[in-house]
Amino acid sequence: DTAVSQTPKYLVTQMGNDKSIKCEQNLGHDTMYWYKQDSKKFLKIMFSYNNKELIINETVPNRFSPKSPDKAHLNLHINSLELGDSAVYFCASSQPGLAGYYEQYFGPGTRLTVT
Amino acid sequence: AQSVSQHNHHVILSEAASLELGCNYSYGGTVNLFWYVQYPGQHLQLLLKYFSGDPLVKGIKGFEAEFIKSKFSFNLRKPSVQWSDTAEYFCAVNAGDDKIIFGKGTRLHILP
């Protein structure tokens, strides 16, 4: 069973389009994340949701809107796509403990290419 | 603000060489520390973690890391690398809040 799954794995689209990436985790974790990994492999957190509530919202254009219908799902919708949005987007989940957060489990990634 | 520094951006080694990748963090309180590996074209996987106890932590695939609190460091080591260790390695820190901060990664290339 896949712990954290994302769809689609690859997404090629034109500038100006709107697209969504879906993420699901079956680990029972309360917290989910979206990360953007650029061409230099730098991993940057975008959003974090804890039990369907937004807890981290880094400096991300408001064209990016996360949606969490339940704690097992965290989808990412992107409006008016731009060339600079091309990257690999990783979903992750984690479970908070008494001493902070335990390790994150990552999805396989979605490679978004904007042409 | 918390930050994580990985000093080696790109490391090239021959097979059987010993490896040490540096990681320093900037936070004075209690931290949880992680090393992740990303093989080419794949997602991040946990190599090892430190929460408390023995500062020398052993992970998968023969990797280990040592937490030195006085140096704010959590360096990753492996006594003898293999070609299959070619990957990107990320150090990460959680200071008990909602965030896990990742370093910029070290690209390790092992020559066969």
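All of these numbers come straight from a predicted model, not from anything done at the bench. Here is how names work: the chains are called A, B, and so on, in the same order as the sequence lines, proteins then strands, and each is numbered from 1.
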Charged N to carboxylate O under 4.0 angstrom, B/D85 versus B/K61? no

Quick check, are the ring centers of B/F34 and B/F102 under 6.0 angstrom apart? no

Out of A/K41, A/K40, A/K44, A/R111, return the one with the most heavy atom pairs under 4.5 angstrom to chain B. A/K41

Taking side chain as everything from C-beta outward and backbone as N, CA, C, O, which of these in B/L46 sits under 4.5 Å from a heavy atom of chain A? Side chain, backbone, both or neither. side chain

Parallel, tilted or perpendicular for B/F67 and B/F74, by the 30°/60° rule? perpendicular

Within 6.0 Å of CD in A/E53, more than 12 heavy atoms from elsewhere: no

Heavy-atom proximity to chain A below 4.5 Å, by part of B/E88: side chain

Please state whether the side chain, the backbone, both or neither of B/K104 comes within less than 4.5 Å of a heavy atom of chain A. both

Over all atoms of both residues, closest heavy-atom pair of B/H43 and A/G107: CB-O, 2.8 Å

Which atoms of B/Q45 come close to chain A, meaning under 4.5 Å heavy atom to heavy atom: side chain ones, backbone ones, both, or neither? neither

